[in-house]
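The structure appears right after this line, and notes come after that.
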Amino acid sequence: MTPFRAPVLVASAALLLTALTLTACNGGVNDIREGVKDGAEIGKRQGQIEVLGAAEIQLRAGVVLNGELSCEVTSTGGQSTPVTCTGTTDEGRAVSLKGTITSAAPIAESDWLRGDFVATVGGEEVFRTPCIGTC
């Protein structure tokens with residue numbers, strides 16, 4: 001190998017390694033951005049279901065909740081978001097709201113959720129609806 005070729009090969013290998021490292025870093029940044037975006041969407045949906053779900057249960061079932069609904073929102077990586085909410089009435093009856101959110105109002109509005117929802121109070125179904133809030 002000529003003396004000139006060795007430094008060129010070393011430089012080429014270094015450039016290739018740098019390019020691969022930058023690509024991996026950019027992929028990592030993109031992964032982080034997607035994770036933050038997904039997390040923000042899940043957080044938005046959780047806040048909306050806790051507030052809108054409580055209002056809907058109180059309105060439709062004619063009960064007063066003792067505190068807030070506690071909701072677990074699960075990310076599936078897709079458009080549908082499974083939710084399970086629990087709470088109690090001021091009389092101590094168990095309240096639940098279960099379903100799947102398929103779309104949500106923009107955060108500036110936050111006044112509706114679409115999907116499939118079922119609410120129970122004291123173990124009895126009080127409503128089943130495709131939309132919660134101002135639909």
Side-chain angles (χ1 to χ4, degrees):
M1 187 176 304
T2 64
F4 178 72
R5 276 186 110 187
V8 170
L9 289 175
V10 170
S12 297
L15 284 173
L16 179 61
L17 182 59
T18 301
L20 289 173
T21 302
L22 289 175
T23 301
C25 287
N26 286 339
V29 168
N30 289 336
D31 290 345
I32 290 170
R33 286 184 182 144
E34 282 301 311
V36 168
K37 181 180 170 187
D38 291 345
E41 183 65 25
I42 292 298
K44 176 185 90 169
R45 290 179 178 207
Q46 181 169 352
Q48 287 176 307
I49 194 70
E50 287 175 349
V51 173
L52 295 173
E56 196 85 14
I57 289 169
Q58 292 182 109
L59 178 69
R60 289 189 181 208
V63 297
V64 176
L65 293 181
N66 181 19
E68 300 175 357
L69 282 181
S70 174
C71 298
E72 183 178 316
V73 177
T74 309
S75 173
T76 60
Q79 288 294 329
S80 63
T81 307
V83 297
T84 302
C85 303
T86 57
T88 57
T89 67
D90 61 348
E91 301 167 338
R93 294 189 294 163
V95 173
S96 77
L97 176 63
K98 295 180 181 181
T100 303
I101 300 170
T102 56
S103 61
I107 197 70
E109 296 169 17
S110 297
D111 60 349
W112 58 264
L113 293 165
R114 295 191 196 288
D116 181 35
F117 308 98
V118 178
T120 62
V121 174
E124 295 182 33
E125 186 175 310
V126 291
F127 67 82
R128 182 178 295 265
T129 186
C131 188
I132 290 179
T134 309
C135 301

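Basis for what follows: all heavy atoms, side chains included, without hydrogens, waters or symmetry-related copies.
The closest side-chain heavy-atom distance from Thr89 to Val121 is below 4.5 Å. Under the 4.5 Å side-chain criterion, counting only non-hydrogen atoms from C-beta, Leu65 is in contact with Val95. No side-chain heavy atom of Val118 sits under 4.5 Å from any side-chain heavy atom of Phe127. In this structure, Thr81 and Ser75 have side chains that are not in contact, with every pair of non-hydrogen atoms separated by 4.5 Å or more.
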Report all side-chain donor-acceptor pairs from residues 96-111 shorter than 3.5 Å, counting only partners two or more places apart or in another chain.
{"unit_1": "Ser96", "atom_1": "OG", "unit_2": "Thr120", "atom_2": "OG1", "d": "2.6"}
{"unit_1": "Thr102", "atom_1": "OG1", "unit_2": "Arg114", "atom_2": "O", "d": "3.2"}
{"unit_1": "Ser110", "atom_1": "OG", "unit_2": "Ile107", "atom_2": "O", "d": "2.7"}

Would you list the atom pairs, donor with acceptor, under 3.5 Å between side chains in residues 66-74 and any protein atom, with sequence neighbours excluded?
none

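Between the side chain of Glu56 and the backbone N or O of Gly133, at least one donor-acceptor pair lies under 3.5 Å.
Considering every non-hydrogen atom in both Trp112 and Thr134, the closest pair reads CB-O, 3.5 Å. Gln48 approaches Leu113 most closely through the heavy-atom pair OE1-CD2, 3.5 Å.
Hydrophobic clustering, with ILVMFWY side chains joined whenever heavy atoms are under 4.5 angstrom apart, keeps Val51 apart from Ile132.
Put simply, CG on Leu59 and CG on Leu52 are 12.0 Å apart, with the number rounded to the nearest 0.5 Å.
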Please lay out, stage by stage, how Thr129 and Arg60 fare under the test side-chain contact (heavy atoms from CB on, under 4.5 Å).
CA-CA 11 Å; Thr129 186; Arg60 289 189 181 208; 3.5 Å; yes

Determine whether Val64 and Gln58 satisfy the following criterion, side-chain contact (heavy atoms from CB on, under 4.5 Å), listing intermediate values before the conclusion.
CA-CA 6 Å; Val64 176; Gln58 292 182 109; 4.0 Å; yes

